[in-house]
Amino acid sequence: MRIRRIVFSMIIFIMILSLFGCRGEIDTRPLSKTEFLMDTVIHLRIYDNKDESALEAAIDRLKEIEDRMSSHIETSDVGKINRNAGIRPTEVHDDVYYVIEWAKYFAEISGGAYEPTIGPLVDLWNIMGKGKGERQSIPDQDEIEKNMELVDYNDLQLLDDNRVYLKRQGMKLDLGGIAKGYAADEVKRILNEHGINSAIVDLGGNIYVLGNKAKGEPWRIGVQDPFDTTGKYIGILKVKEKSVVTSGDYERYFTHKGRRYHHIIDAKTGYPSDNELAGVSIVSDKSIDGDALSTALFVLGTEDGTELLNQLDNVQGIFVSKKEEVTIPKSLEDDFILPNGRAKLSINPN
Ligand code: ADP
Ligand code: MG
């Protein structure tokens, strides 16, 4: 009897403890995890829950996405599509088909600025970042032209029964500009399913903020300063429940004769895109949109990029020029802070 009573009162005590735990303000010390996945550093931080299994489920899903969508993994669905190029269609997982459908859509609306069949040119330039055996010189023009011919999203076919086909041999699908965005959306979904509503998902600069900070305050996300890659910010963005994705010329590049050659290739020139931009960030509800659009807009530049954004709903762009001018839309005026006087801010009326 006594033992029962002790056990009973212990249970009550634990229940009261956990009740207090739930009722208190959001704990500011997050439950966090850092991993190297999808070719980048991943940080997951959960603020309103201490559910380790949520983090594990998220990491497992990221590994699964990488295993299916990486063009560097031979056994991935993308690896198979590429090997079967010009030979036969490949049946892929639902999620791979879904991402390729969106990839094709973004290729269409951006006129090929976002180009999912960019693979042959990406391989040729092989710009992987420092110390990864990348090339130190510019490819020959005839090689560039030969590879340009193998790049065309119109020859990427989505067939019935989850089948995908690249029409010509030598073509190569590369989902590097969209897969992390999809992955961020998936991590958000998994965390939400575990009852988590306050978290920061950072997949190498591809960020999703879930909900808000304690007391309904927005999160403050630093927009990377392209001219200072030591983690300094060019601006701070206040956001709730949004994706913020950045593409820039400072992540992976090599320098040749004083010029920077980065990893986002313009299919129309065969060269790393070259315009007035140093970086562009996209604020959106879905990270898959933000990822594809940040890549597309980095190629398109401020003017054409703004025109494309104006055709879409609930997507905002922050453009950072090589001259350190930051252009934001009027709708972000109250939520974007320039912390130092160095950069110049202009507000786009659209
Ligand atoms: P990051 O992956 O560094 O965050 P992005 O999302 O902009 O940057 O994607 C760049 C990657 O996308 C490249 O490493 C390459 O695999 C691929 N890529 C390069 N150029 C293009 C392009 N024009 N369209 C689509 N994908 C591209
Ligand atoms: Mg991208």
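All ligand and atom numbering here is 1-based and tracks the order in the structure.
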Would you please test Glu186 and Arg189 for salt bridge (Lys or Arg N to Asp or Glu O under 4.0 Å) and show each step? CA-CA 5 Å; Glu186 281 295 280; Arg189 178 183 64 77; 2.7 Å; yes

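Side-chain heavy atoms closer than 4.5 Å link hydrophobic residues (I, L, V, M, F, W, Y) into clusters, and following such links, even through other members, never connects Ile73 to Leu203. Ile221 and Val245 are assigned to two separate hydrophobic clusters, defined by single-linkage of ILVMFWY side chains at heavy-atom distances under 4.5 Å.
At least one N/O-N/O distance between Gly177 and ligand 1 falls below 3.5 Å. Checking only distances, Glu115 does come within under 3.5 Å of ligand 1, N or O to N or O. Of the polar atoms of Ser294, none of the N or O atoms is found under 3.5 Å from an N or O of ligand 1, judged by distance alone. Among the atoms of Thr295, some N or O lies under 3.5 angstrom from an N or O of ligand 1.
Numbered from 1 in the order shown, with element, the atoms of ligand 1 that lie under 4.0 Å from a heavy atom of Ile264 read 7 (O), 19 (C), 20 (N). Residue Lys180 approaches ligand 1 through these ligand atoms, each under 4.0 Å from one of its heavy atoms: 1 (P), 2 (O), 4 (O). Of all atoms in ligand 1, numbered sequentially from 1 with element shown, those under 4.0 Å from a heavy atom of Ser247 are 5 (P), 6 (O), 7 (O). Residue Ala113 approaches ligand 1 through these ligand atoms, each under 4.0 Å from one of its heavy atoms: 22 (C), 23 (N), 24 (N). Interface atoms of ligand 1 facing His263, defined by a heavy-atom separation under 4.0 Å, are 1 (P), 3 (O), 8 (O), 10 (C), 13 (C), 14 (O), 19 (C), 20 (N).
Under 4.0 angstrom from ligand 1, there are no non-hydrogen atoms of Ala296.
Judged by distance alone, the side chain of Asp48 and the main-chain N or O of Ser198 form a donor-acceptor pair under 3.5 Å.
Between Asp274 and Lys322, at least one side-chain N (NZ, or NE/NH1/NH2) sits under 4.0 Å from a carboxylate O, which counts as a salt bridge. In this structure, Glu101 does not pair ionically with Lys104, as no charged nitrogen and carboxylate oxygen lie closer than 4.0 Å. The pair Asp335-Lys242 does not count as a salt bridge, with every side-chain nitrogen at least 4.0 angstrom from each carboxylate oxygen. With salt bridges taken as basic N to acidic carboxylate O contacts below 4.0 Å, none links Lys63 and Glu66.
Of all protein atoms, those that are N, O or S and lie under 2.8 Å from the Mg ion (ligand 2) total 4.
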Would you list the atom pairs, donor with acceptor, under 3.5 Å between side chains in residues 114-122 and any protein atom, with sequence neighbours excluded?
from, atom 1, to, atom 2, distance (Å)
Glu115, OE1, Thr117, N, 2.8
Glu115, OE1, Thr117, OG1, 2.7
Glu115, OE1, Tyr153, N, 3.4
Glu115, OE2, Tyr153, N, 3.1
Thr117, OG1, Asp152, N, 2.9

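With respect to atom 6 (O) of ligand 1, the closest heavy atom belonging to the protein is Asp291 OD1, 2.9 Å. Protein heavy atom in closest approach to atom 15 (C) of ligand 1: Asp174 OD2, 3.4 Å.
For the 3.5 Å distance criterion, the side chains of Thr302 and Glu276 qualify, holding a donor opposite an acceptor.
The heavy atom nearest to atom 23 (N) of ligand 1, out of those in Ile265, Leu121, Asp123, Ile118, is found in Ile265.
For Glu108, there are no salt bridge (charged side-chain N to carboxylate O under 4.0 Å, His left out) partners two or more places apart in sequence or in a different chain.
Sequence neighbours left out, the pairs with a member in residues 174-224 that pass ring-ring contact (aromatic ring centres under 6.0 Å, His included) are Tyr47-Trp219, Tyr98-Tyr182.
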